[in-house]
Protein chains: 2
Amino acid sequence: MSTRKPTHPGAILREDVIPELGISISAAAEALRISRQMLHKILNETAPITPEMAVRIGKFCGNGPEIWLRMQQARDLWEAQQKLADEIKKIPTAKAAA
Amino acid sequence: MSTRKPTHPGAILREDVIPELGISISAAAEALRISRQMLHKILNETAPITPEMAVRIGKFCGNGPEIWLRMQQARDLWEAQQKLADEIKKIPTAKAAA
DNA sequence: TACATGTGTCAAGTAATGATTTACAGATCT
DNA sequence: AGATCTGTAAATCATTACTTGACACATGTA
């Protein structure tokens, strides 16, 4: 849990997918049917992969949405755990009555 | 992909966890440190399990946040796929240049 | 040179979401 | 009667996920 922040899916797109395809950001955004600025933020790791984005990217990359969504979820969870680090101490663990 | 909508995590809480613990909704909400209404919506499947909620519930149930988040993610993905069913047809699958 | 294309970035606006508090009516238990 | 729990609804607030429009800068190319 105190490991480093999980990799942002945008990093994979930026470092692997886009270069491999030899495609411009503008063209990729057009293919994904999202705004160029939005894709830019994803590549920049300042926007998350929403379920809808995962569906788009999964189709475009041909490997399905799950992997993209899972990476994002790992991030979101990591961040939530950091944010709630204090709060969580106040939450008891329930015990079954019987 | 055309299976039925994945089970909402709230259903597990409503049908298994809470009954097993023999605890009131109000008491559970208090333990989770969220409003009674919010928990009600979760049990009612009208509110999603956010990453932060998953952390709370995971602590309370003692089994960690992942399972709760994964169930929610399956739902979100299913819904996204339904919503984008038409849109996705317009997105090409990229082919590597080399 | 001039023009097109791509990139980085910012700002404004929109729509939805996650959550809170307050409130009220009905059920049940003591 | 009083206390607690429950189901709902409304008002509010902050944040998020997008969009479009705009501007500056670079680079390639006719």
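Note on naming: letters A, B, ... go to the chains in the order of the sequence lines (proteins, then strands), and numbering restarts at 1 for each one.
- Distance R56(B) CZ to dT20(C) C1': 12 Å, rounded to the nearest Å.
- Regarding I34(B), its CD1 atom lies at a distance of 11 Å from the C1' atom of dT20(C), rounded to whole Å.
- R56(B) contributes atom CZ, which lies 11.5 Å from atom CG of L39(B) (distance to the nearest 0.5 angstrom).
- The line from CD of Q73(A) to CD of Q72(B) is 10.0 Å long, rounded to the nearest 0.5 Å.
- Remark: T93(B) OG1 to I88(B) CD1 distance equals 8.5 Å, nearest 0.5 Å.
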*Going through the checks in order, is the side chain to side chain contact (heavy atoms under 4.5 Å, CB included) test met by V55(A) and W68(A)?*
CA-CA 9 Å; V55(A) 170; W68(A) 303 102; over 6 Å; no
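- Taking atom CE of M38(B) as the reference point, atom C1' of dT22(C) lies 17 Å away to the nearest angstrom.
- Using a 4.0 Å heavy-atom distance criterion, S35(A) is classed as a base contact.
- Here the CD1-CD distance, from I34(B) to Q37(B), works out to 10.0 Å after rounding to the nearest 0.5 Å.
- One hydrophobic cluster, built from ILVMFWY side chains closer than 4.5 Å, holds both L13(A) and F60(A).
- Taking atom CG on D76(A) and atom C1' on dG18(C), their separation rounds to 14 Å, with Å as the unit.
- E52(A) comes within 4.0 angstrom of no nucleic acid atom, judged by non-hydrogen atoms across all strands.
- Protein chain B contacts DNA chain D over a range whose 5' and 3' limits, counting nucleotides with an atom under 4.0 angstrom from a non-hydrogen atom, are dC5(D) to dA9(D).
- The OG1 atom of T46(A) sits 6.0 Å away from the NZ atom of K41(A) when rounded to the nearest 0.5 Å.
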Please produce a list of atom pairs where a protein N or O lies less than 3.5 Å from an N or O of nucleotides 2-7 of chain C.
residue : atom : partner : partner atom : Å
dT7(C)  : OP1  : I25(A)  : N            : 3.4
dT7(C)  : OP2  : I25(A)  : N            : 2.9
dT7(C)  : OP2  : S26(A)  : N            : 3.0
dT7(C)  : OP2  : S26(A)  : OG           : 3.3

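- One finds no salt bridge joining E30(A) and R36(A) here, because no Lys/Arg side-chain nitrogen approaches an Asp/Glu carboxylate oxygen to under 4.0 Å.
- Distance CZ (R14(A)) to P (dG8(C)): 11 Å, rounded to an integer number of Å.
- Residues M53(B) and K41(A) each lie close to DNA chain C; by heavy-atom proximity, the contact nearer the 5' end of the strand is made by K41(A).
- Residues K90(A) and R33(B) are in side-chain contact: their nearest non-hydrogen atoms beyond the backbone lie under 4.5 Å apart.
- Distance, L84(A) CG to dA19(C) C1': 13 Å, rounded to whole Å.
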